[in-house]
Amino acid sequence: MIRVQEEDFDLGAELAKLTAGNMKVGGLAVFVGLVRDMAGDQAIGAMTLEHYPGMTEKMLARIEAEAKERWPLEASLIIHRVGRLEPGDQIVLVAAASAHRQAAFDACQFLIDWLKTKAPFWKLEESGEGAQWVDARDSDTAATKRWATPKKGTAE
Amino acid sequence: MIRVQEEDFDLGAELAKLTAGNMKVGGLAVFVGLVRDMAGDQAIGAMTLEHYPGMTEKMLARIEAEAKERWPLEASLIIHRVGRLEPGDQIVLVAAASAHRQAAFDACQFLIDWLKTKAPFWKLEESGEGAQWVDARDSDTAATKRWATPKKGTAE
Amino acid sequence: MKLLYFAWLKTKTGVAEEDLTPPPEVTTVAELLTWLRGRGPGHAEALADLTALKVAVNQEYAHPDDPVRPGDEIALFPPVTGG
Amino acid sequence: MKLLYFAWLKTKTGVAEEDLTPPPEVTTVAELLTWLRGRGPGHAEALADLTALKVAVNQEYAHPDDPVRPGDEIALFPPVTGG
């Protein structure tokens, strides 16, 4: 399941729903991204997440479908927030549940790696020196590369 | 922090406590192990987790300390349940929080891999054919090996 | 043809969205970008560095030689930074 | 010397814990295991396959040639299966 929303999410409730009643789940791997109060050596007051409505949902759905094709998942979830967020706020949740832990871990890492390079979100950080668009990180592109050749249509 | 307990744990509450008020956390990686209703092709009714009180806590504390030495973690948590558990029940929670996501992911995977081969827990599964001690899996030993040479004292 | 600009491309062009009718000889993403750079200094600056630019045609990532057609939704944006 | 048995080692020996005083020539883990196998058929069966056995001396994993001393807590158990 995928969701793009301004509201915060209840991490415990989301994870409980994800595996509830499914006795085939042996492992649940989860990643939560949070807003830090520092970016490099600069203090951050808040950030605004812009996205491309329509394409965002399309890409997230495709990333999730790709994960389900690659690993035997019992359940998966991507929630990404948009709008204004402050330090300590939750930005993103990705979760993958499988019979075995390695599949859950790998799928979870894949989901966030692909999301970070393919889903059309942009961060605008507010610091003492004004607002600044965050630059994409080479390490994110490198992280995505480990999942080998993307298929047509999901390529950046 | 480490805990060994019979009671269930509140996943959402534990994770919220772990990062509360720490604005340096950019990523939180979590793994939850759950009781499945099948082991191979055999239906499982319940299981009992036995452990070695004293050594268990010592090993978990050491595994956590090792993770903190290897990665720049802002917070970490290991909770492992003992006693009788039924399909769908939570068995174990490991979590690692760091400024960056790869450190959180790697530390989380390390914690559960080492726990699975070094912490003295044993599973007794109940099926239609009676109770049976679970055999250790070669894949768990292999998973631990990727973290290279363990230090003296944590070696199996 | 609907053009969408996101993040700093929106700031530099000064527009989030515009409906344009390029001349018929504009048939590819690359040709469209060249034509858009001629629309004014904001567009020229925003589209100066093609290596820092991603293009989506009808919400799919596109390459410079992919076709563009009347009625398409073309989005221009920097590399993504979500998650 | 306190001996502890876990999981199927406890089932096979029929005992969870016992206080024993091995003869003074038993000074290593390997010598202790050999001596324990002589305590009866349950112990002999439980300790037959040393490759399936882990040993902890005073709650630290130990090797066959590690020393054992009076007063030590020695635990014998199969490879662990938690998590």
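In what follows, chains are A, B, ... by sequence order, proteins preceding strands, each numbered from 1.
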When rounded to the nearest 0.5 angstrom, what distance separates CG in A:Leu49 from OG1 in C:Thr81? 7.0 Å

Between A:Lys123 (side chain only) and C:Gly83 (backbone N and O only), is there a donor and an acceptor less than 3.5 Å apart? yes

I'd like to check the side-chain hydrogen bond (donor to acceptor under 3.5 Å, both in side chains) partners of A:Asp135; sequence neighbours left out, ordered by chain and number. none

Can you name the closest pair of heavy atoms from C:Asn58 and A:Lys58 and give their distance? O-NZ, 3.4 Å

Starting from the C-alpha separation in whole Å, work towards a yes-or-no answer on side chain to side chain contact (heavy atoms under 4.5 Å, CB included) for A:Met55 and C:Glu60. CA-CA 8 Å; A:Met55 183 168 172; C:Glu60 296 284 349; over 6 Å; no

Considering heavy atoms only, which positions within residues 15-34 of chain A lie below 4.5 Å of chain C? none

For A:Trp133, does its backbone N or O pair with a side-chain atom of C:Trp8 as donor and acceptor, under 3.5 Å? no

Side chains of C:Pro78 and A:Trp122 in contact at under 4.5 Å (non-hydrogen atoms): yes

Going by the angle between their ring planes, with limits at 30° and 60°, are C:Phe77 and A:Tyr52 parallel, tilted or perpendicular? perpendicular

Can you name the nearest heavy-atom pair linking C:Tyr61 to A:Met59, along with the distance? CE1-SD, 4.0 Å

If the contact rule is any heavy atom under 4.5 Å from chain A, which residues of residues 11-43 of chain C qualify, in numerical order? C:Thr11

So which residue, A:Arg81, A:Arg137, A:Lys116, ends up with the most heavy-atom pairs under 4.5 Å with chain C? A:Lys116

Would a distance-only check, ignoring hydrogens and angles, find a side-chain to backbone donor-acceptor pair under 3.5 Å from A:His80 to C:Gly82? no

Which of residues 82-94 of chain A get closer than 4.5 angstrom to chain C, counting heavy atoms alone? A:Ile91, A:Val92

Take atom CG in A:Asp138; do more than 12 heavy atoms of anything else shown fall under 6.0 Å from it? no

Search all heavy atoms of C:Phe6 against all heavy atoms of A:His51 and return the closest pair with its distance. CE2-O, 3.4 Å

